[in-house]
Every structure is written in structure tokens, then in C-alpha cells.
Amino acid sequence: MENFVIIGGHKIYHETTQSTFWKNVKTKIWEPETLKILDRFVKPGKIFIDIGAWNGVLSLYASKLGARVESVECDPKAIDFFIANYQLNDGNIFLSTCAISDKTGVSTLESHNGDWGNSMSTIVDRHEQMGQIAVETQTLEKFVRSRKINMEEVSLIKIDIEGAE
């Protein structure tokens, strides 16, 4: 059986371990207002920057809308979800596995209650001690330069990085 959702008339295939999340997308419970923002601002041939890309749902949708997508995610389990979902779809998506921060270097990424991949990991110190790893950080400016992004071609930047915005 194929696992997919239809968003804005576009079929997006997905891996199966996050079935509750994808059911919420399918039934329009998960962030319909966010999807409407992408519908309004993401344009074919333009660039969508997805900072905190999680499992790739918004990156995949923006790609289906015709954008070149520059995704950023550093949670190792979320990266696995992202790659699995990306491999099930076609699209013009590039994934950078770093964190966007106010400084370039290394920071500590904390999982939420030791649960990686649940979209709640952050470089903001929560003192949780249940799950921490070191991740590379880049400033947004350095990321844009390294990816050779022409900011005049960017139609939307989404930033959802659990308090580190």
C-alpha cells in the first residue's frame, strides 16, 4: 500500500513511522494556515528556504509548487525522516545538516525529553540532559553565501527552530 497525502492537489509520498502526523496532514488538522502561506508566497522558479525542515513536509510541498528548496535540519532522527520522505518523491531540494544560529561554530542540540525526531529539538539550552549532541552551526548569512543563494530569488524563508529564531 502506498503512503501519501494530497496537499493543494499535489501527491506527497511519506515514510510510515510518523503515521499519526501524516494522518493529521491528510485531515487538515496539522497547520493548514502554514500550508496556505506557502500557497500564497512560494512561486515556481523561486527559492524557498526551510530552516528547521523536520521531516520535510513543507520542503516537499514547496518543491511540488515549483520552487527550488534549500532545507536546513540538524536533528539526526529528523534527518532520517527527511531523507526517507525525499527519496519517495521527486523535487529540487537540497538538505543542509547544520543549525542556523547567530554564530558559526558548534552548539549543543538538545532533544525534547530524549526523543529525537519529534520536531522539538533545539539549540536553546533547556537543561534537559536527556539527549544532547554537538552540531555544526552557521549564520544565515554564511549559509546563504555557501549555497550561492541569490536573495532576490527567494520567495519565502520559513524558520521554526524551537525558540532559537
Side-chain angles (χ1 to χ4, degrees), residues 2-101 109 111-112 115-124 135 137-140 143-144 146-165:
E2 291 183 318
N3 295 297
F4 65 88
V5 294
I6 305 290
I7 304 175
H10 301 278
K11 187 182 280 190
I12 297 175
Y13 294 93
H14 60 83
E15 53 81 34
T16 60
T17 59
Q18 295 182 304
S19 59
T20 301
F21 165 76
W22 290 105
K23 180 180 177 189
N24 289 339
V25 172
K26 188 176 206 170
T27 58
K28 299 182 172 127
I29 292 171
W30 182 82
E31 299 195 18
E33 64 285 347
T34 301
L35 297 169
K36 287 179 185 174
I37 289 170
L38 267 67
D39 288 335
R40 180 174 174 192
F41 291 103
V42 174
K43 303 298 179 201
K46 294 292 188 176
I47 299 170
F48 171 64
I49 301 175
D50 188 2
I51 301 172
W54 186 33
N55 62 12
V57 61
L58 297 178
S59 294
L60 291 165
Y61 184 50
S63 178
K64 298 287 184 182
L65 293 173
R68 173 181 135 202
V69 180
E70 295 285 341
S71 305
V72 180
E73 181 57 58
C74 62
D75 178 318
K77 185 70 172 181
I79 291 168
D80 290 345
F81 292 144
F82 186 105
I83 291 170
N85 291 326
Y86 171 79
Q87 289 175 339
L88 295 170
N89 295 274
D90 57 350
N92 190 7
I93 301 173
F94 179 84
L95 174 63
S96 293
T97 57
C98 65
I100 299 299
S101 178
L109 180 71
S111 65
H112 181 66
D115 186 18
W116 293 105
N118 68 1
S119 84
M120 299 295 292
S121 58
T122 183
I123 60 173
V124 174
V135 294
T137 61
Q138 290 185 16
T139 63
L140 181 58
F143 171 74
V144 166
S146 70
R147 292 296 306 140
K148 297 179 174 63
I149 297 170
N150 177 350
M151 291 303 291
E152 291 182 15
E153 295 177 6
V154 174
S155 62
L156 184 65
I157 300 174
K158 185 276 291 177
I159 304 174
D160 184 359
I161 50 177
E162 300 310 308
E165 290 84 356

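These values consider heavy atoms only, across backbone and side chains, with no hydrogens, waters or symmetry-generated copies. All values reported here derive from a predicted model rather than from experimental measurement.
Once rounded to the nearest 0.5 Å, the distance linking CZ of F94 with CD1 of I149 reads 9.5 Å. In this structure, I6 CD1 and K64 NZ are separated by 9.5 Å, a value rounded to the nearest 0.5 Å. Note that the CG atom of N3 and the CG atom of N85 stand 10.0 Å from one another [nearest 0.5 Å]. For the atom pair CD1 (I100) and OG1 (T139), the distance works out to 7.5 Å, reported to the nearest 0.5 Å. The CG atom of L60 sits 8.5 Å away from the CD1 atom of I7 when rounded to the nearest 0.5 Å. If you take CD1 on I51 and SG on C74, they are separated by 11.5 Å, rounding to the nearest 0.5 Å.
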Check: residues 34-42 side-chain donor-acceptor pairs under 3.5 Å, at least two apart:
| from | atom 1 | to | atom 2 | distance (Å) |
| --- | --- | --- | --- | --- |
| T34 | OG1 | E31 | OE1 | 2.7 |
| D39 | OD1 | Y61 | OH | 2.2 |

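For the pair E70 and R147, the tightest heavy-atom approach, listed with the atom from each and the gap, is OE1-NE, 2.7 Å. Nearest approach of C98 to V72, heavy atoms of both residues: O-CG1, 3.2 Å. Between I157 and M151, the shortest heavy-atom distance links the atoms CD1-CE, 3.8 Å. A pairwise comparison of heavy atoms in V135 and A99 identifies CG2-CB, 4.2 Å as the closest pair.
A 4.5 Å side-chain heavy-atom check between V5 and W30 finds every atom pair outside the cut-off. For the pair H14/F21, no side-chain contact is recorded, criterion being any heavy-atom separation below 4.5 Å from C-beta on. Using a 4.5 Å heavy-atom threshold, the side chains of L95 and F82 count as touching.
Proximity of a side-chain donor or acceptor of N24 to a complementary backbone N or O of I29 within less than 3.5 Å is not detected.
Pairs engaging residues 73-82 under the side chain to side chain donor-acceptor pair (under 3.5 Å) rule: D75-S121 [sequence neighbours left out]. Annotation: side chain to side chain donor-acceptor pair (under 3.5 Å) contacts involving residues 50-60, sequence neighbours excluded, comprise Q18-N55, D50-S59, D50-K158, S59-S71.
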